[in-house]
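Working notes, structure below.
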There are 2 protein chains.
Amino acid sequence: MDGLVGKITAELLKKNIKPSYQRIKIMEYLIEKNNHPTVEMIYNHLVKEIPTLSKTTVYNTLNLFIEKGLVRPLTIEDNEARYDTIISNHGHFKCQSCGEIYDFPVEIDDFVPDKLQGFEIADKNVYFKGLCPKCISS
Amino acid sequence: MDGLVGKITAELLKKNIKPSYQRIKIMEYLIEKNNHPTVEMIYNHLVKEIPTLSKTTVYNTLNLFIEKGLVRPLTIEDNEARYDTIISNHGHFKCQSCGEIYDFPVEIDDFVPDKLQGFEIADKNVYFKGLCPKCISS
DNA sequence: CTATGTATTTGTAGTGATTACAATTTTATT
DNA sequence: AATAAAATTGTAATCACTACAAATACATAG
């Protein structure tokens with residue numbers, strides 16, 4: 001029926017994560033929405049389907065996913081953390097007016113500077129801020 | 001005597017900021033240390049010289065500097081904000097072991113992608129994580 | 001030089017995201 | 001079914017940060 005759930009299950013098992021209902025649903029949300037959600041957004045959406053869901057579970061699960069390298073926290077200076085599934089190199093643009101976050105492709109590997117010889121780089125982030133076209137034209 | 005204080009005073013006046021003792025001291029700390037400090041670090045250091053200093057003042061002052069474009073918050077996913085004086089394009093590398101933050105030069109302007117045509121980019125951040133040479137060799 | 005108004009600083013109390021922890025529930029194994 | 005292990009849940013605590021009002025320092029007019 002639902003191929004996505006199957007894929008998620010396999011992905012979790014590969015990382016030694018027991019594919020519980022909550023974990024699958026949270027990962028499913030991240031992949032389907034692909035909207036850089038806050039914990040609040042994830043919780044509010046899923047609690048409709050899983051009335052017993054606890055916010056703590058959302059936190060626990062996201063931290064587990066981060067630890068296992070399935071998800072990474074977005075580095076944006078708001079007071080709320082946001083989360084992203086790990087895909088190939090891309091940066092994030094946040095509109096300072098509407099708050100929307102856009103992905104854009106970026107060849108991050110191209111510009112590792114000489115100064116970082118001898119450093120072991122585990123994670124690279126590129127993050128721009130400004131105004132999106134919608135907000136400029138309104 | 002102290003040319004730096006003079007420069008800071010002029011810089012603040014240029015931005016229509018009254019150069020109070022606390023404001024000068026905070027800016028002086030940022031420039032001299034150049035260590036991407038947290039509010040805690042700034043407060044703990046300056047309270048020795050200014051015993052009446054309030055943490056609220058540090059927050060207020062940093063927010064004022066950010067508003068006026070003298071300082072920018074570092075975008076690092078810790079729970080504590082860090083601050084940086086505004087210089088030319090550079091990225092930040094945070095060692096996941098010792099927590100030290102290193103600057104490195106980066107030509108950020110070179111890789112603004114096509115997808116962001118029509119966007120107005122106000123601020124660009126590049127942020128890497130990993131291990132620094134010291135921690136690798138120990 | 002003093003009086004009055006304005007800006008700055010300060011301290012306390014509050015907010016809100018995140019975590020610690022213990023209890024409950026679910027899942028796996030014998 | 002019985003027991004052990006893991007996952008989920010709810011509550012309470014923590015901690016960075018902010019709101020707000022009182023106190024202080026500063027500036028300007030008379």
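As the structure is a computational prediction, the values presented were derived from the model and not from experiment. Sequence lines set the chain letters: A, B, ... in the order given, protein chains first and strands last, and positions in each chain run from 1. Both backbone and side-chain heavy atoms feed into the values below; hydrogens, waters and symmetry mates do not.
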**Item:** Step-by-step side-chain hydrogen bond (donor to acceptor under 3.5 Å, both in side chains) determination, B/Asp123 to A/Tyr127
**Value:** CA-CA 8 Å; B/Asp123 188 35; A/Tyr127 164 49; over 6 Å; no
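- Rounding to the nearest 0.5 Å places OG1 of B/Thr61 at 11.5 Å from CD1 of B/Ile24.
- A ring pair (Phe, Tyr, Trp, His ring centres under 6.0 Å) with A/Phe128 is found for one member of A/Phe93, A/Phe104, A/Tyr102 and no other, namely A/Phe104.
- Salt bridge A/Glu40/A/Lys55: present, at least one basic N to carboxylate O contact under 4.0 Å.
- For B/Lys134, the NZ atom counts as loosely surrounded, since its 6.0 Å shell holds 12 or fewer non-hydrogen atoms of other residues, nucleotides or ligands.
- One atom, CZ of A/Phe65, and another, P of D/dA7, lie 11 Å apart when rounded to the nearest Å.
- Of all heavy-atom pairs between B/Asp103 and A/Lys115, the closest is O-NZ, 2.7 Å.
- Place B/Tyr43 and B/Arg23 on DNA chain C by their nearest nucleotides, and B/Arg23 ends up nearer the 5' end.
- The shortest non-hydrogen separation linking A/Val106 to A/Gly91 is CG1-N, 3.5 Å.
- Counting to the nearest Å, the P atom of D/dA7 and the CD1 atom of A/Ile26 are 13 Å from each other.
- Using a 4.0 Å cutoff to heavy atoms of chain A, the contacted part of DNA chain C runs 5' to 3' from C/dA17 to C/dA20.
- Rounded to a whole Å, the CD1 atom of B/Ile50 is 15 Å from the C1' atom of D/dT24.
- Rounded to an integer number of Å, the gap from A/Ile17 CD1 to D/dA7 C1' is 13 Å.
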Between the protein and nucleotides 17-21 of chain D, list the N/O to N/O atom pairs that are separated by less than 3.5 angstrom.
from: D/dC17; atom 1: OP1; to: B/Ala81; atom 2: N; distance (Å): 3.0
from: D/dC17; atom 1: OP2; to: B/Tyr59; atom 2: OH; distance (Å): 3.0

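- Within the nucleic acid shown, B/Thr52 comes within 4.0 Å of sugar-phosphate atoms alone, with no base atom in reach, counting heavy atoms only.
- Using a cut-off of 4.0 Å between Lys/Arg side-chain N and Asp/Glu carboxylate O, B/Glu49 and B/Lys25 are scored as salt-bridged.
- With the nearest nucleotide of DNA chain D identified for both B/Glu40 and B/Lys18, B/Glu40 has the one nearer the 5' end.
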